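The structure under discussion appears below in the form of C-alpha cells.
Labels below follow one simple rule: chain letters A, B, ... track the order of the sequence lines, proteins then strands, and each chain is numbered from 1. No experiment lies behind these values; they were computed from the predicted model shown. Excluded from the calculations below are hydrogen atoms, water molecules and symmetry mates; all remaining heavy atoms, backbone and side chain alike, are included.
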2 protein chains.
Amino acid sequence: MMARSGADFLKALTAPRSVALVGASSNPKKLTARPLNFLRQHGYAGRILPVNPGSDEVMGLPAASSIREIAGPVDHAYILLDADPALAALEQCAQKGVAVVSMLADGFAEAGPTGLARQARAAAIARDADILLIGPNSTGVVSTASGFACTTNAAFATTTLTRGHTAVLSQSGSVIGTLLSRGQERGHGFSTLVSLGNEARHGVGSIGSLLLDDPNTHAFQLFLETIRDAEAIEAFARGATALGKPVVAYMIGISEEGSRLAVSHTGALTGGRAAVSAFLRDVGIHEAELFDTLIEAPHALSRVRFPVTSARRATVISTTGGGGAMVVDQLAARGIEIGALSNAARAELSAQNIPLGHGKLVDVTLAGTKYDTMKAVIDRLIRDPETGVLVVAVGSSAQFNPELAVAPIVDAVRDAPKGAAPVVGFPLPHAPESLALLESAGIPNFRTLETCAETVALMLRPAPAPRIPAAPLPAQLCTRLDDLPGGLQSETVSGALFETLGLTGPGTCLIGPHDVLPDPLGLAFPLVAKLVSPDLPHKSEVGAVALGIASMAELAAAIARMKSSAKDHCPGYRLNGVLLQEMRPGLGEAIIGLTRDPLVGPVVTVGAGGVLTEIYRDTSVRRAPVSLSEARDMISEVKGFAQLRGYRGHPLGDLEALATAVVALSRLALAPRIEEAEINPVAIMAPGAGVLMLDALIRLKEDATS
Amino acid sequence: MMARSGADFLKALTAPRSVALVGASSNPKKLTARPLNFLRQHGYAGRILPVNPGSDEVMGLPAASSIREIAGPVDHAYILLDADPALAALEQCAQKGVAVVSMLADGFAEAGPTGLARQARAAAIARDADILLIGPNSTGVVSTASGFACTTNAAFATTTLTRGHTAVLSQSGSVIGTLLSRGQERGHGFSTLVSLGNEARHGVGSIGSLLLDDPNTHAFQLFLETIRDAEAIEAFARGATALGKPVVAYMIGISEEGSRLAVSHTGALTGGRAAVSAFLRDVGIHEAELFDTLIEAPHALSRVRFPVTSARRATVISTTGGGGAMVVDQLAARGIEIGALSNAARAELSAQNIPLGHGKLVDVTLAGTKYDTMKAVIDRLIRDPETGVLVVAVGSSAQFNPELAVAPIVDAVRDAPKGAAPVVGFPLPHAPESLALLESAGIPNFRTLETCAETVALMLRPAPAPRIPAAPLPAQLCTRLDDLPGGLQSETVSGALFETLGLTGPGTCLIGPHDVLPDPLGLAFPLVAKLVSPDLPHKSEVGAVALGIASMAELAAAIARMKSSAKDHCPGYRLNGVLLQEMRPGLGEAIIGLTRDPLVGPVVTVGAGGVLTEIYRDTSVRRAPVSLSEARDMISEVKGFAQLRGYRGHPLGDLEALATAVVALSRLALAPRIEEAEINPVAIMAPGAGVLMLDALIRLKEDATS
C-alpha cells in the first residue's frame, strides 16, 4: 500500500467521494440516524453508504451488512457503534483501506484501564493502516464547501450552514454547536469543523496541520480542554503563522473546578495552567480570555493585514465622549498604548474646524456624525505612521443611520493606500445593520466592548520568535550525567553540574582535618564554616556551623569552638575536614527552576524567590530552553524584581547576569535524564558583579538509561 | 413659598404637567429641536411650552419670548441655551417657581475658573429657589410611563421606548443611548433615565433617593465617571438595599488613561480606584466589571428574591459536558463554591435512571433534552437546601426547540415552593427565542458566559453590613489634638496620640545622664540603646546607637562604648540621657494607614508592609472607621499575611490584635483635623501577645481650627 499524501487525507477529511456510516439507524429519532439526515440536508453529493447488519436499507439507501461488504472504495467512515464493536469496525476499515475514520463511541481513555487498552488498540490499528483517526468520543466532521455534514451533533439541524474561512477544532463535541450558532449569527462562515474527541492518534496538531493546506481555511478556532500533542501543535501553529492564518484558542481550566472537570470529562491530564499558556503564546496561538473573543477573533484577525509595528498602540476616534472613554479605558487596561494625535495631524484637522478633544481620545463630538468630517479624520489617521490600529467607536448614528454612520469608515478603508493602519469598528448601541455593513466591507467589527479591546490587543501582539536551537550541552556535563544514579543529587554534585554551564557559587575551600589554615585563605570574608563529618547529620544542632566569620582570628576561634561543641554532643565523631564558604548575600535573590510539564514538556520558571513569590504567583514561565532575549523578557515580567530595577532608589542588580543564568539552566531541558533542576536562591550582585548560586538541586530520572 | 416635598419633585421630574423648552428651535435639524420632537413622538400628554425670543411659534406650538411670559405654572424646564444665557434663564425659572430644571450647556466646571464660577452660581440659584437642578451638561430626562422624553439624546429617536422597571442615572449623556438600545434589544424596559451631567447641585445620590419612591423603578443602572456626593450616594444605596431595589454601577477608570479622560471630560476629580470600589461595595452598590453586566444585572437582580445564604454557592445543570464545564469554570474563577449533588439528591435521581455525571457539574447528557428528565432534576435541586443559585446551561435544544428546552425550567420555577433556590438560564448557542421565553417567565437569562457568571456572583454577595457608629474618640485625644500645630507630628507625639487609643509600642526607658542603671530595668532584653543629645543629630555615624544588647553587663559596656565614641567624634557634646528600647521584631509586619480620599472621604488601608506590598498592590481598603468584623475581613483579603495564617508551617501571628489596631487607627477618621495617620511597621507577635507599633506618624491639617 502506498503511503497516503496530505492531499489525500485532506480530501478524504473534507470532501470524501464516499462515506460509510457504520451503525446508521433507520429510526430517524435515534442519534445514529443524524449523520445521514444531515448529509442529505446540507447537500453532500458523494456516496453515502450505510452499514447495518440488521437491515438491507436505511432511510431509503441500500445498506451493507458490514464494511467489507461495501462495493467500491470508501474514503471516510463514521463508526457509530459502541466501543468494542467500534474497534472491530475500525479493523475492517483498515482492511478496506479507508483513509479517514471518525469514531463516536465513548468508553476509551476516560473509562479506566479497559478503556485505555481499547484506545491503545485503536491508535495501533490506525497507525498500522495509515488511517487518519478522529476520536473516539467524536461527534464527527463537517465541511461546508462539500456539504459534508457527517456528524451526530444536533447543532447541524440548522437550516443554513454558512460557508466561510474559519476551521473549528474542538475537544468538546457539544461546544461546536455553540461556536457554529454564535458565529453564524455574526455572519461568520466556517470551512471545516472537527470534533476531536479523545485524540487517540490524531489531534489538534496533526489535523490542524492538514487543514493548513485547505484553501478554504484562513483562520482556526480551537476549544481546548487539554494539550495532548504539544509537538504537533507547535508544528501546526508555526505553519499557521508562516501562512498568516491566525489561530485562537479558548481553554477551560482557569479555576481548579474547571480543570478537574476537564480531566474527568476526557481522561486527559491537566498541566500547569501557566505552562500551557506559556506554550500557547510561545508557538503563536492566541489565547482568548473571553469566550466571545474565541467567536470574534479568528475571523477578525484573518481579515487584517498590516505591518507589524513594535509599538502596541491604538488610536480611538469617537463621536461620543463617554463611549469613547470606555474603549480607551479597556484598551489601556490591556497594556495597549493609546496613540494621541500627532501634532501634524492635529494641525491639519483643526484647520478644517474639526473638533478633536484635548485628551488622548480623538473626540470629534456630534460633528463626527457628518460624513465629511469623519471621513477626513479617518483618512488622515489611517495614513499616520504613528497610528497602530484605528478603533472607530460609533454612537447612536450607528443605530439610526447605519449607512451614514458606516459609510465614512468603509470608504476610508477602501481608499486607503497599501501599508495603511488597520481599522476596526465598534458601534456603542445595538446596531446589527451597521455591523453587517462593516462586515461586508471586510472591516473587523465587534458587539461588545471587552471583546473589541481583547481582539485589538491580540492584533497588536508581536509574532512569536522563531525557535532557535539551543547550543548543545557541554560533553563534560553529559558524561557526568551518564555516571550518576537516579534521584535527587547532593548539593555538591548538583552544583558541579551547574558549574559546567558556567554558573558559579560563592568561593569555597576544604581544609583537611589536620591541615594548618592557609594565610591568605584565598576567600573573601565574611565566611561560613562547617565541620565535614559523616557522623554529624544535623550540623546546626551540634554547633558544627559558624556564620559571619570576619577575620582569620575569628575563624581559628570558630573552628576550635565547633570541634569542642561537636565532641560534647557526639564523642568520637570522625572529622573529614572543615568546609569554608564565602558569605555573599547579594542585593536580592531569585529562584530559577526547570520542570517537565506533563502536557507541554520542559519549562523554565523564574521568580524573585521566597514565600511571597509563591503567594503572589509572581513568576514568569517559558518553554525551555530559552534564548537570552526570552530570558530578559521573563525577568521583566516578574514584579518582584522591581527593586533590582531601581524601584524607590534601591541599588540596581545584575539582571543581565540573571538572564544568562536562566538561559544556562534552561539548557538542561536538552538532557532527557534531568527531571527537575532548581537554583534557590540565586544571589544577585551589583551590575557587572554577576549572580551566585547559593543552593542548587538536580533530580535525575530513576531510570538510568539516558 | 412652601418647601416642595419629595413627591412634588418626583412628579415634576418624571411626569410634569408642563415643561418649558427654553431655546427650542424651529429648525428640525437642530439639536435644540429634538426635545419637542421626542416629547411628541413618545406621546407626552402634558403642556409643552417652547420659549424662543425670536419666534412666536415653534413647530406649530405658540412660543413665549421668555420664561416669565409663560401663562400658568411650569413644573419642569429644559434650558437649551449656551452657558451665560442659560444662567439667566435659570434665574427666571427660580422666579417662576419651576420645580425641576435641566441644563444642556457646557462651559461649567470642566471649563476653568470662569466655568467654575458659573457652576457655583447655578448651584446657588437652585439652592435658594428649592429647584431640583439636573446638569449642566445634561442631555435631559426621560420617563417612559408618561412619554416624557425631554432630551437632546439622539438615541430617543427610537420608535419604541420600552416601559419597564430600571432607572438609569448616567454621568455621560451619550452612554444613555448605549444602555437604552442594548437593554431594549434584550427586552428590558426602563422607568426613568437621567443624564446627570456635571451634577452641580443634584447627582446620583439625591436623584437616586428621589426615585426610590417611584413605584415604576425596581432597579438602578449607574454609569459613573466620578463620585461627587458620596454621602448622598450612601443614603440612596442604603435606601435601595432596604427596599430590595438593586443598584449596579459601571465606572470608567480601570486604567490611568481612562481615569484621565474622565477628569478632562467632566472636570471631575478622580480618587483612588480602590477607595471608590471599597465605597461602592460598602454601601451596597454592585460594581460591574463587564459592561454587559451593567446591561444585564440590574434587571436580573431585580427579578430574584431569595433567602440570602451565607454560602456563595451555585449548582450547574447541563445537557452538554463541555458547555457546562465552561460555566463551572467561570463561576469558580469568581470565588463561587460549586455545589455538588447532595447524597440524597443523587440517590433519588439515580433511582429514576437519570445520568448525573460524576464531577461537580450535574451533567444530565442528552437525557436532559427530555422534558421529564430536566424537570425532575430542576424540581429536586430547586428544593435542596444545599443549592445556592441553580444555573441551567442549555445546549442545542435551546436553539432548535426553544419551547421544549425552556419548558422544564419555566414549569419548575412556576411550581417552586416559597424559599426555593433562584434559577437562571444560560443557552449555550445563539437562542433568542429561548431567552425571550425565559424572560417572559421572569427567569434571569444571559447571552454570554462571563456576564452570566458575574451576575450570579453578584446575586450571591452578602448584603452590606449596616453602618454602626464608631465609639467617640477619647476626650484626652481630642484635647491633645486641639493644642497641636498643623503638619506632620513627631514620632513621639504621634505615638502618644495612638496610645490614647490603646495602641502601644515596645517598652522604653530614659536613664538620666548621671543615673545609675536600675536593676531590674523593667524592660525585656534584647534592647536598643541611644545617647540622647542635641549635639548628635546622626547617632549611628558617631557610634551613639547600640543594637541587640542581651544583658545588663552588655548594656553597661555599650553605654561606656557609646559615650567614648561620641566624645571622640564630638568633644564636649551635651548628654541628656540614654534611651533604652526593647527590640521586638515580631513574627511579621503590617502597615496600617488612614487617608482622606478626595471622592469618598476617609479610608483605612492595611497591608503586609514593605516594598512588595506596594509592588503587588496587596492591600485591603475600607471606608473608615471600620468595625472589628470589617477589620477581620480586610486582613483576610491581604495575601501577604498568608505566613501569619500558618502558610507552610510559619508560626501564627496575632492577627486578631492587628484587627483591633486597624479598628483603633480607623477611628481617627472621626477627628476632622487628622489628615493622615500611619503605623509602619506594626510588629505582629504570637497569638495572644498582641501587636506593637514600631513607627507612627500623624499629619494634621494646617488650618488649626478643628
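- Contact of B:Pro432 with chain A is not made at all, since no heavy-atom distance falls under 4.5 Å.
- Within a 6.0 Å sphere centred on CD of A:Glu637, heavy atoms belonging to other residues, nucleotides or ligands number more than 12.
- Considering every non-hydrogen atom in both A:Ser396 and B:Gly177, the closest pair reads OG-CA, 4.5 Å.
- With A:Leu290 as the partner, the side chain to side chain contact (heavy atoms under 4.5 Å, CB included) test is satisfied by one option alone out of B:Leu449, B:Thr451, B:Leu290: B:Leu290.
- Ranked by non-hydrogen atom pairs under 4.5 Å with chain B, the options A:Arg447, A:Glu185, A:Gln643 are led by A:Glu185.
- In terms of modelled atom types and a separation under 3.5 Å, the side chain of A:Ser181 and the main chain of B:His430 share a donor-acceptor contact.
- Per-residue heavy-atom pair counts under 4.5 Å with chain A were compared for B:Arg186, B:Lys639, B:Arg334, B:Glu614, and the maximum is reached by B:Glu614.
- For the 3.5 Å distance criterion, the side chains of A:Asp292 and B:Thr448 fail to qualify, holding no donor opposite an acceptor.
- Contact annotation: the side chain of A:Thr158 approaches that of B:Phe400 to within less than 4.5 Å [non-hydrogen atoms, C-beta and beyond].
- Taken to the nearest 0.5 Å, the CG atom of B:Leu179 stands 10.0 Å off from the CG atom of A:Leu428.
- Only the side chain of B:Leu31 comes within less than 4.5 Å of a heavy atom in chain A; its backbone stays farther off.
- Contact of the A:Gln330 side chain with the B:Phe291 side chain is not registered, since no non-hydrogen atoms from C-beta on lie closer than 4.5 Å.
- For a residue to count as touching a neighbouring chain, one of its non-hydrogen atoms must lie under 4.5 Å from one of that chain's; by this rule B:Arg182 touches chain A with backbone and side chain alike.
- Atom CD of A:Gln399 and atom OG1 of B:Thr178 lie 9.0 Å apart (nearest 0.5 Å).
- Contact count against chain B (heavy-atom pairs under 4.5 Å) is highest for A:Asp618 among A:Ile338, A:Asp618, A:Leu361.
- We find the CE-CE distance between A:Met326 and B:Met251 to be 14.5 Å, quoted to the nearest 0.5 Å.
- Of the residues considered (A:Ala431, A:Ala157, A:Ser397), A:Ala157 shows the highest number of contacts with chain B, using heavy-atom pairs under 4.5 Å.
- More than 12 heavy atoms of other residues, nucleotides or ligands sit less than 6.0 Å from atom CD of A:Gln41.
- Closest of all the heavy-atom pairs between A:Ser255 and B:Asp329 is OG-OD1, 2.7 Å.
- Highest contact tally toward chain B, considering only A:Val327, A:Val328, A:Val175, A:Ile254, is held by A:Ile254 [criterion: heavy-atom pairs under 4.5 Å].
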